[in-house]
Amino acid sequence: MGAEDRMKVIARHLSAAKNKQGTSGVFCDPHQKIIFRNTSSTCVKPFTELSSGVEDRSKNETGDCDFNSSQSKSVKSIIPKSRQELLKWNGWGYRDSKFVVNNGVIEFTGNRYPIGNLTLPYFTQWVKGVFNVDLGRRNESQPLPKPEDFPSPFLNADFLHAVKEVRLSFSLEGIDRLVRSHGHTLHDIFVLRESKFPRIVDIVVWPACHGDVVKVVELANRHNVVVIPFGGGTSVTGAVSCPENEKRTIVSLDTTQM
């Protein structure tokens with residue numbers, strides 16, 4: 001199915017929902033501007049939002065985070081440090097937004113998108129016809145690992161002490177490390193659901209501004225540790241995957257709180 005045909009399917013579902021419920025909405029692409037919009041609806045950006053009450057942390061003369069910079073923009077991240085509370089730990093997207101099968105018909109949960117909380121009979125027919133999918137078959141994912149099941153981190157004690165000294169926010173929790181040790185390729189998702197990664201990051205650090213990033217890089221260089229920058233986490237190039245045989249401490253530098 002081409003892009004134009006997919007848009008027609010989406011428009012058909014939206015039209016059916018509007019006639020049934022008397023409402024209208026907006027279809028948003030996270031990589032583009034609004035595709036559909038009416039005068040009563042707006043498109044909510046999925047990753048960041050403007051907030052007049054929160055100052056962006058910019059670098060001051062000492063390299064620390066300055067909350068009072070008159071030149072900084074008011075930007076607040078909506079991705080929490082515990083990203084698994086908002087996003088699927090073993091799949092793509094928000095936890096409350098997913099396809100489910102109810103009485104043989106595909107539905108989409110949540111209210112973030114126009115197709116949320118709607119039955120999708122046309123989409124169901126398309127899935128059956130194109131992919132020959134048996135909607136009655138379920139392949140359950142393995143459960144979230146228990147804290148004791150995560151591999152122990154390789155920690156450089158001097159680096160960890162230095163991180164604490166400069167008061168950088170960090171985590172050694174297994175789940176925080178796991179969700180920042182992979183991207184979102186088909187292989188990554190399969191491993192999450194059926195297997196395990198042989199190597200994950202050892203510590204997650206959240207810089208709050210440019211000055212914090214400088215501190216992390218300087219400390220990493222001084223103590224010979226590995227730094228892997230981490231942003232949205234949707235890499236499909238293996239850029240955030242950990243080298244299996246790396247014995248040095250691997251730091252995930254999570255930029256979502258900047």
Side-chain angles (χ1 to χ4, degrees), residues 30 46-47 77 79-95 139 141-258:
F47 296 110
S77 172
I79 301 297
K81 292 180 179 178
S82 298
R83 58 187 291 120
Q84 61 275 8
E85 296 178 359
L86 178 67
L87 305 172
K88 299 183 184 76
W89 75 272
N90 62 349
W92 188 286
Y94 296 101
R95 290 180 58 185
N139 293 321
S141 170
Q142 64 181 348
L144 178 70
K146 298 178 182 179
E148 60 268 22
D149 293 333
F150 290 101
S152 299
F154 294 94
L155 286 178
N156 182 309
D158 292 334
F159 174 80
L160 181 60
H161 178 72
V163 167
K164 293 178 180 179
E165 274 197 331
V166 296
R167 296 183 297 177
L168 289 169
S169 180
F170 71 93
S171 173
L172 301 175
E173 295 295 326
I175 183 59
D176 290 333
R177 295 159 50 216
L178 173 64
V179 298
R180 293 167 177 84
S181 298
H182 62 82
H184 276 74
T185 64
L186 180 61
H187 174 74
D188 290 329
I189 301 304
F190 178 82
V191 171
L192 287 170
R193 297 178 65 87
E194 302 289 340
S195 183
K196 64 180 181 180
F197 293 100
R199 183 76 163 92
I200 65 174
V201 302
D202 302 301
I203 178 174
V204 179
V205 177
W206 289 281
C209 65
H210 174 83
D212 281 352
V213 175
V214 172
K215 291 177 183 177
V216 173
V217 174
E218 288 178 344
L219 292 176
N221 182 60
R222 184 182 309 162
H223 299 287
N224 191 29
V225 306
V226 180
V227 174
I228 299 180
F230 188 88
T234 58
S235 170
V236 293
T237 64
V240 296
S241 299
C242 298
E244 184 174 347
N245 298 319
E246 180 58 69
K247 300 302 181 183
R248 293 174 295 175
T249 296
I250 301 179
V251 180
S252 176
L253 193 153
D254 188 325
T255 61
T256 59
Q257 306 305 306
M258 295 179 66

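In what follows, every heavy atom counts, from backbone to side chain, and hydrogens, waters and symmetry copies are set aside. Positions are given from 1, in the same order as the sequence printed here.
Side-chain atoms of Ser235 and Thr185, non-hydrogen and from C-beta on, never get closer than 4.5 Å to each other. At a threshold of 4.5 Å between non-hydrogen side-chain atoms, the residues Lys81 and Ser171 do not count as touching. With a 4.5 Å cut-off on side-chain heavy atoms, Phe170 and Val251 do not count as touching. Residues Leu86 and Arg95 have side chains not in contact (no heavy-atom distance under 4.5 Å, counting atoms from C-beta outward). Side chains of Val201 and Cys242 form a contact here, defined as non-hydrogen atoms less than 4.5 Å apart.
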Which atom pairs, one a donor and one an acceptor, fall under 3.5 Å between side chains of residues 216-230 and the rest of the protein, sequence neighbours left out?
unit_1, atom_1, unit_2, atom_2, d
Asn224, OD1, Arg248, NH1, 3.1

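Among residues two or more places apart in sequence or in another chain, the ring pair (Phe, Tyr, Trp, His ring centres under 6.0 Å) test is passed with Phe190 by none. Applying the side chain to side chain donor-acceptor pair (under 3.5 Å) rule to Ser152 yields no partners; only residues at least two apart in sequence or on another chain are considered. Applying the side chain to side chain donor-acceptor pair (under 3.5 Å) criterion to Asn90, with sequence neighbours excluded, gives Ser141. Not counting sequence neighbours, the partners of His161 by the side chain to side chain contact (heavy atoms under 4.5 Å, CB included) test are Glu165.
Atom NE2 of His182 sits about 5.5 Å away from atom CZ of Phe197, to the nearest 0.5 Å. Atom NZ of Lys164 and atom OG of Ser169 lie 13.0 Å apart (nearest 0.5 Å). Leu192 CG to Leu178 CG: the interatomic distance, rounded to the nearest 0.5 Å, is 6.0 Å. Put simply, CG on Asn156 and OG1 on Thr249 are 5.0 Å apart, with the number rounded to the nearest 0.5 Å. Atom CH2 of Trp89 is separated from atom CZ of Arg83 by 14.5 Å, given to the nearest 0.5 angstrom. For the atom pair Ile200 CD1 and Ile175 CD1, the distance stands at 9.0 Å (nearest 0.5 Å).
The one candidate from Leu253, Asp176, Leu172 that meets the side-chain contact (heavy atoms from CB on, under 4.5 Å) condition with Ile203 is Leu172.
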side-chain contact (heavy atoms from CB on, under 4.5 Å) evaluation trace for Ile79 with Leu87: CA-CA 9 Å; Ile79 301 297; Leu87 305 172; 4.3 Å; yes
Show your working on side-chain contact (heavy atoms from CB on, under 4.5 Å) between Leu144 and Gln84 and close with a plain yes or no. CA-CA 11 Å; Leu144 178 70; Gln84 61 275 8; over 6 Å; no
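Applying the salt bridge (Lys or Arg N to Asp or Glu O under 4.0 Å) test to pairs two or more places apart or on separate chains, those with a residue in residues 188-208 are Arg199-Asp202.
Distance alone, capped at 3.5 Å, places no donor-acceptor pair between the Arg180 side chain and the Val240 backbone. A distance-only check finds a donor-acceptor pair linking the side chain of His184 to the backbone of Gly91 [under 3.5 Å]. Counting only distance, with no hydrogens or angles, the side chain of Asp149 and the backbone of Pro145 share no donor-acceptor pair below 3.5 Å. With hydrogens and angles ignored, the 3.5 Å screen pairs no side-chain donor or acceptor of Ser77 with any backbone N or O of Gln257.
In this model, a donor atom of one side chain and an acceptor atom of the other lie less than 3.5 Å apart for Asp254 and Thr256.
Surrounding CD of Glu246 are more than 12 heavy atoms belonging to other residues, nucleotides or ligands, all under 6.0 Å away.
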